Amino acid sequence: MAPHYQAATLIAAPSYPNAIAWSSENLVAVASGHLITILNPAALEGPRELVVLRPNNPFSIGVVSREDLFEPCIMPTSLARETEPCAQSISWSQQGFSPNSGCLLAVCTVDGHVKLYRSPFCEFCDEWVEVADISLLLFNHYKSIEFGEDDGPHSFPQEKENTEHNQQLVCIGELQEHLPYRVTKRRKRKAIRIEGYVYDEDEDAVDAKDADFSLDSCSNLKKKSSKKVTKPAHEYAVGKGQGNSQNIETPLFCNGEEKSLPLITAKQYLCREALLSSLVVAWSPVLPSPDRNSYFMGNWCILAVGYKSGSVSFWKIHKPEYYTIDIGMVTRDPILIGVVQAHQSWVTAISWELFSSGYSKPLLLLATGCSDGSSKIWLGDIEGLNQCTCAKEVPFTLVAEVTTDSSAPISSISLSSPVQHLNLVNLAIGRTSGLIETWLWSISGNKIEKIDERDGHDQVVTGLSWGFDGHCLYSCSQDNSARCWMLNKKHLEEIPVHTYFPELKESIDLTEVSERCCGLALAPGELMVAVVRSLDPNLLNQMYQARTQKAVVEFIWIGGQFLGIPLDNSVICSLQSEALPGTNLWWASNIFWSLKKYEDCKRVLVLWDLIAALQGFKKSAPTFLEALLHKWVSGLFSDDPQYDSIDIQSHSIHNMSKVSLRKLHLLNIICKKVMLIDHAKYSPGVEQGNDVTTDLWNNLLVRSERELRERLVGFTFAAVLNRTAYFLKDASIENSWFPVGVAQMDSWTSMNNGEVHNELKFLRTRINDLGSRINLVCEYSVEESCTYCSAPVPFESPDVAVCIGGNPATSLAETHKLSRCTASMRLCSILQPTWHCVCCGGTVDKLLPEIFFAMPASFWDTTHGNESLDLSAPAVPFCPFCGILLQRLTPDFLVSVSPV
């Protein structure tokens, strides 16, 4: 019996390792056969979305003569038969690469194709939308260079000696070709006639053949008179010619147009097929551009794809130029920037890591694993990769290679840069034999050494992931086990995966009805792990369960584990007076660790597992929760780590003007979603004001929202002055953020003139001094009208507005309640879809620039130097009061994202 958060059943079972991935926007994707199931962990019993895999047309790499079909190298391919499409590898991009600022999903299928998908945010359906076909782009490239064959058919890239020279990447230009959709036709029996095929059925005919056929893309059938019948892609031609076939091409006719495929040898076919047969995909972290300042987000990343030939292709994907929830075709096309011959056999595992500790510039690391048991670490130059489009060399350098006696293929691999070691990188390797190896690579010394080797499992390791900054390692296997290993100096120490959580009761142990684990993934806050298991049909009810329940995704709390992270002494002192279970201390330590991670503005605010854990403690251990959060809030207003807690009786709150924007966002989220979730928004001292604790948190929320609103208005005023300064210098301001709602913000500042910061009053004075010139640099419109009745709408509140009615002369004039944009205070349009915040419920139709969310704690000092304010950063869909991702409101029957 083991406690878990919840479980979700699937209608298809996974077939390959690493079958589950958890996105940075809090969606879980599970590769189960011909379907990719998309789950929202906050609503497992709610709707789901799917990626439906359909058969792909094989690529036209050439035709092979009949006598070559019996060559040993091509015999497995010639005997293979078409099967149903099946997902082999999946990987999520980071947030911000979909047109709605969500994540893209890369899917690799068993037929070797790789495609990218996005959520159907504007289609209002449950099937994800294909946005790019990576394999087709790669095929077009290889076709343009004749598959890398030099002077003859026997010269191939994969046959070259794997030296340091050819380890460098091959430059590949930008490919932005339209991706047509193609449907594969199945081979039918001889007696059946299918339109689009050419048959040879009369053995007595002059041009008779052995009932072979070729695929014709035309609708009109045309009998071929040639003695050679060709098949595009992976179909084989029966060639009767003798002698050297190096330069022989076989014609293919379509609507009178002659197309030709080269007649190639079996070895050529095998090598070309290996170059295009992908096995694994992996997205890199978001990477910054060198021509931009260090904002909290980059604007591009790399998708790595491993192949049977031992090569790895690299694809650069940029973020959209702008984000939208109205149209979906703004995703930039992937750019192939290089191919490296990483191994001599199949590339079976890939892992990325962005290392930044102790270095002025981050280092991009890549680990690759091979079916021959070898593993390598590569170092990428970010600036060089950003500039790489048509260069002859791409800056990826082999820096370390794992040498071991084990030749078992690598099934999983994971990189991690532990914070406790500023110059070291952890590498974990899982093999098909069940062996788990951990290695430590020194960046400065460029040396790699083995830490430990454990027979962690009895069968294939199907999932491997570092957690908690490299303090622990999670693994699962085909032997139906999932384990957690704490890295204790020079060895791995196994600890229980399941942890105590007061809200949960004992539940069914899923290991009793499952037969194997097919992958695991950590939540964004790393307080929960998801494990996908295939169910044993013999142990299920054959009538009601076995036919529809093929697999299950189990969500397990791991926040109460002892992971070796040192406990904060101040946390122990603040909680030692409470009669709490020992595991709660570890929960407190890990929650503090997670909150500390989110204080970094470079980390996207997706903390659903953290909020869910806090909500659970509010129901089961409210005293523990109050002591824990009081200690955390105290640290927001004091740099002294020994500062005890807020004085609840006097509600003494320090000045929030010195608190960073990210900390204010965290405070707002915790107030709304944890401490005040059961209370309506109210003013202190009204109705429920006798609840001292509730009154305290409401007071914190009111003060925090006021500070955030003043910063928002101050930023907008500073942006207007910035654009004015550039305008007076005749400098271009076309690419800078355009402020709107300035008149409404001016009215709000005037209404609250006695309560706002002095710095904001000073900025407002400078805005008023601009006079009529203000219309040249921003949108300044005092008068607003109702969208329904065209009546004037006075400014009374920054959140809502009410028009004065269609006919003020009559007492029965109808008034309309309108919503205002949270970011600009102007009226929201009712004709266009608007962005919505699932935390505070705010509505946004004018997005703020990226730099606003990266402003330092000394915000008001920064806005004084408004002329140096860089407004060229793109606008991003984040809530100005919560900092989480905004999204479009969707019907209840569709999946929505739950960042909190």
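Counting begins at 1 with the first residue of the sequence. Since this is a predicted model, take the numbers as computed values, not measurements.
Checking side-chain atoms of Lys672 against main-chain N and O of Ile677 turns up no donor-acceptor pair under 3.5 Å. Panel note: side chain Glu599, backbone Lys663; no donor-acceptor pair is recorded below 3.5 Å. For Asn299 (side chain) and Lys319 (main-chain N/O), no donor-acceptor pair under 3.5 Å exists by modelled atom type. Between the Glu710 side chain and the His757 main chain, a donor and an acceptor come within less than 3.5 Å of each other. No side-chain donor-acceptor contact under 3.5 Å links Arg764 to the backbone of Thr749. Although no hydrogens or angles enter the test, the distance criterion places a donor-acceptor pair under 3.5 Å between the side chain of His665 and the main chain of Pro880. Panel note: side chain Tyr780, backbone Val740; no donor-acceptor pair is recorded below 3.5 Å. A donor-acceptor distance shorter than 3.5 angstrom exists from the side chain of Asp609 to the backbone of Leu527, with no hydrogens or angles considered. Lys602 contributes no side-chain N or O that, together with a main-chain N or O of Ala854, makes up a donor-acceptor pair within less than 3.5 Å. Distance alone, capped at 3.5 Å, is enough to place a donor-acceptor pair between the Gln615 side chain and the Lys673 backbone.
Both tests pass for Arg603 against the ring of Tyr598: distance under 6.0 Å to the centre and angle within 45° of the axis.
In this structure, Tyr726 OH and Leu721 CG are separated by 13.0 Å, a value rounded to the nearest 0.5 Å. Distance CG/Leu818 to OG1/Thr843: 11.5 Å, rounded to 0.5 Å. Distance check, rounded to the nearest 0.5 Å: CG of Asn768 to CZ of Arg766 gives 12.0 Å. Remark: Cys671 SG to Trp697 CH2 distance equals 5.5 Å, nearest 0.5 Å. In this structure, Phe881 CZ and Leu661 CG are separated by 10.5 Å, a value rounded to the nearest 0.5 Å. Once rounded to the nearest 0.5 Å, the distance linking CD1 of Ile767 with OG1 of Thr724 reads 6.5 Å.
Side-chain contact between Trp283 and Gln94: absent, with no pair of heavy atoms (C-beta onward) separated by less than 4.5 Å. In this structure, the side chains of Phe715 and Ile851 come closer than 4.5 Å at one or more pairs of heavy atoms. When side chains are defined from C-beta on, Ser24 counts as touching Cys103, because their heavy atoms get closer than 4.5 Å. Contact check for Leu607 versus Pro524: no side-chain heavy atoms found under the 4.5 Å cut-off. A 4.5 Å side-chain heavy-atom check between Val129 and Arg118 finds at least one atom pair inside the cut-off. Residues Arg888 and Cys122 form a side-chain contact, since some pair of their non-hydrogen atoms from C-beta on lies under 4.5 Å apart. Looking only at side-chain heavy atoms (C-beta outward), His630 and Val633 stay at 4.5 Å or farther from each other. The side-chain heavy atoms of Cys837 and Leu886, taken from C-beta on, include a pair separated by under 4.5 Å.
Shown here for Leu894 and Pro47, the closest heavy-atom pair between the two residues is O-CG, 3.4 Å. Here the closest non-hydrogen pair linking Asp845 and Ser829 is OD2-N, 3.8 Å. When all heavy atoms of Pro877 and Asn100 are compared, the pair lying nearest together is CG-O, 4.4 Å. Closest approach of Glu850 and Val876 over heavy atoms only: CA-CG2, 3.9 Å. Minimum interatomic distance between Ile884 and Leu605 (heavy atoms only, all atoms of both residues): CG2-O, 3.9 Å. When every heavy atom of Val742 is checked against every heavy atom of Pro739, the shortest pair comes out as CG2-CB, 4.1 Å.
Side chains of Ser736 and Arg723: a donor-acceptor N/O pair is present below 3.5 angstrom, by distance only. For the 3.5 Å distance criterion, the side chains of Asn40 and Ser898 qualify, holding a donor opposite an acceptor.
Applying the salt bridge (charged side-chain N to carboxylate O under 4.0 Å, His left out) test to Glu755 and every residue at least two apart in sequence or in another chain returns Arg706. Considering only residues two or more places apart in sequence or on other chains, Lys597 meets the salt bridge (charged side-chain N to carboxylate O under 4.0 Å, His left out) condition with Asp469. The salt bridge (charged side-chain N to carboxylate O under 4.0 Å, His left out) search around Lys761 returns none, not counting sequence neighbours.
Residue Tyr788 qualifies as open at atom OH: its count of foreign heavy atoms under 6.0 Å is 12 or below. The number of heavy atoms from other shown groups lying within 6.0 Å of CG (Asp892) does not exceed 12.
Across Gln744, Met745, Arg826, Glu783, a single residue satisfies side-chain contact (heavy atoms from CB on, under 4.5 Å) together with Phe795, and that is Gln744. Each of Leu666, Leu664, Asn699, Val659 was scored for a side-chain contact (heavy atoms from CB on, under 4.5 Å) with Ser704, with one residue passing: Leu664.
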Where do Arg48 and Asp126 land on the salt bridge (Lys or Arg N to Asp or Glu O under 4.0 Å) test, with the steps shown first?
CA-CA 7 Å; Arg48 302 179 179 184; Asp126 59 355; over 6 Å; no
Going through the distances and angles, do Glu814 and Cys803 end up as a side chain to side chain contact (heavy atoms under 4.5 Å, CB included)?
CA-CA 9 Å; Glu814 183 180 4; Cys803 70; over 6 Å; no
Assess whether side chain to side chain contact (heavy atoms under 4.5 Å, CB included) is satisfied between Met825 and Leu712, documenting all intermediate values.
CA-CA 10 Å; Met825 298 189 189; Leu712 174 61; 5.6 Å; no
Decide side chain to side chain contact (heavy atoms under 4.5 Å, CB included) for Asp746 and Trp748; before the verdict, give the C-alpha distance in whole Å, the side-chain angles of both, and the deciding distance to 0.1 Å.
CA-CA 5 Å; Asp746 188 15; Trp748 180 83; over 6 Å; no
Can you check salt bridge (Lys or Arg N to Asp or Glu O under 4.0 Å) on Asp799 and Arg709, steps first, answer last?
CA-CA 11 Å; Asp799 301 316; Arg709 194 177 299 278; 3.3 Å; yes
Check against salt bridge (Lys or Arg N to Asp or Glu O under 4.0 Å), Arg820 and Glu784
CA-CA 11 Å; Arg820 291 190 177 274; Glu784 294 180 292; 2.9 Å; yes
Could you go step by step and tell me if Phe124 and Phe893 meet the side chain to side chain contact (heavy atoms under 4.5 Å, CB included) rule?
CA-CA 9 Å; Phe124 289 97; Phe893 57 84; 5.8 Å; no
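Between Trp835 and Phe878, the ring center distance fails the sub-6.0 Å criterion.
Between Phe555 and Trp22, the two ring planes are perpendicular [angle over 60°; tilted spans 30° to 60°]. Ring geometry, Trp92 versus Trp128: the interplanar angle exceeds 60°, so the pair is classed perpendicular (tilted spans 30 to 60°).
Using a cutoff of 4.0 Å between basic side-chain nitrogens and carboxylate oxygens, Arg711 and Glu707 are scored as salt-bridged.
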